[in-house]
Amino acid sequence: MNDVEQAILAEVARIPRGRVTTYGAVAARAGLPRRARLVGRVLSSLPESSRVPWHRVIAAGGRIAFPVGTAPHEQQCRRLRCEGVETRNGRVDLQRYGWQGTRGDLDRWLWRVGDEN
DNA sequence: CAAATGACGGGGT
DNA sequence: AACCCCGCCATTT
């Protein structure tokens, strides 16, 4: 595994339980702007045994990347539901569950923790 | 080597 | 909101 994949997985692992973020956002935070597709490719190559929370990564606009009705789609919805994230018609409300990862994040705002610059 | 293919994104209709 | 189209780029045909 190279450093690029490492950076991407590190960002995915940073997403808090019960929150979600997009492929594009992960790429940007990993220092790879406009490389959303790469994020998807890396996640698709994860072994079943991986503990990386891949289900917290969704497509732009809160859409679940897998086609509605497919097994992987159902699995992702199930995993999200387990941590309190509700999915409606294959989508997640980003206004409510979206995680930006930096300034403006609800958690940091509430607890005043992390890098405040 | 050319063309198709994605766990994508954004802009236009 | 739902498509379509095009940019993106590592892999696979």
Side-chain angles (χ1 to χ4, degrees):
Chain A
M1 167 184 283
N2 59 54
D3 50 335
V4 173
E5 302 177 10
Q6 190 62 234
I8 289 174
L9 294 180
E11 285 304 323
V12 173
R14 176 174 296 170
I15 307 169
R17 185 184 163 74
R19 308 296 302 275
V20 298
T21 198
T22 67
Y23 292 93
V26 170
R29 297 205 326 258
L32 302 162
R34 295 181 293 293
R35 305 298 300 285
R37 274 191 118 123
L38 177 59
V39 173
R41 202 184 78 69
V42 171
L43 293 186
S44 72
S45 66
L46 283 178
E48 191 63 35
S49 60
S50 177
R51 212 160 60 36
V52 175
W54 56 269
H55 57 286
R56 296 176 191 156
V57 184
I58 60 186
R63 209 183 76 257
I64 298 292
F66 300 105
V68 184
T70 64
H73 178 101
E74 296 308 319
Q75 217 226 6
Q76 182 161 21
C77 288
R78 193 165 55 247
R79 286 193 172 209
L80 288 173
R81 194 163 49 246
C82 280
E83 26 187 88
V85 177
E86 55 182 303
T87 64
R88 270 172 25 196
N89 203 328
R91 316 207 179 155
V92 172
D93 182 352
L94 284 182
Q95 293 290 359
R96 182 168 163 179
Y97 302 106
W99 184 66
Q100 302 310 306
T102 51
R103 188 168 45 256
D105 176 68
L106 182 59
D107 293 329
R108 291 181 195 273
W109 180 75
L110 285 174
W111 310 110
R112 303 296 163 81
V113 296
D115 46 6
E116 300 297 336
N117 286 24

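In what follows, chains are A, B, ... by sequence order, proteins preceding strands, each numbered from 1.
For A:Glu83, the side-chain hydrogen bond (donor to acceptor under 3.5 Å, both in side chains) partners are A:His55, A:Arg56, not counting sequence neighbours. By the side-chain hydrogen bond (donor to acceptor under 3.5 Å, both in side chains) test, A:Asn89 pairs with no residue at all, sequence neighbours left out.
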Check step by step if side chain to side chain contact (heavy atoms under 4.5 Å, CB included) holds for A:Val39 and A:Thr22. CA-CA 10 Å; A:Val39 173; A:Thr22 67; over 6 Å; no
After noting the C-alpha distance and the side-chain angles of A:Leu32 and A:Ile8, does the key distance pass the side chain to side chain contact (heavy atoms under 4.5 Å, CB included) rule? CA-CA 9 Å; A:Leu32 302 162; A:Ile8 289 174; 3.9 Å; yes
Walk me through whether A:Leu43 and A:Tyr23 qualify under side chain to side chain contact (heavy atoms under 4.5 Å, CB included). CA-CA 10 Å; A:Leu43 293 186; A:Tyr23 292 93; 4.1 Å; yes
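Separation of atoms CZ (A:Arg63) and OG1 (A:Thr87) is listed at 14.0 Å; rounding is to 0.5 Å.
Between the CD1 atom of A:Ile8 and the C1' atom of B:dC8 there is a distance of 12 Å, rounded to whole Å. The interatomic distance linking A:Arg29 (CZ) with B:dG9 (P) rounds to 13 Å, in whole Å.
A heavy-atom distance below 4.0 Å to DNA chain B is reached by these residues of residues 42-51 of chain A, ordered by number: A:Leu43, A:Ser44. Proximity of residues 61-86 of chain A to DNA chain B (heavy atom under 4.0 angstrom from any strand atom) is restricted to A:Ala65, A:Phe66.
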Report, as a single string ordered 5' to 3', how protein heavy atoms within less than 4.0 Å touch nucleotides 1-13 of chain C: B base, S sugar-phosphate only, - not at all. SS----BBSSS--
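No donor-acceptor pair closer than 3.5 Å links the side chain of A:Asp3 to the backbone N or O of A:Gln6. Judged by distance alone, the side chain of A:Ser50 and the main-chain N or O of A:Pro47 form no donor-acceptor pair under 3.5 Å.
Between A:Thr21 and A:Val12, the closest side-chain pair of non-hydrogen atoms is not below 4.5 Å.
Legend: side-chain hydrogen bond (donor to acceptor under 3.5 Å, both in side chains) pairs involving residues 72-82 of chain A, not counting sequence neighbours: none detected.
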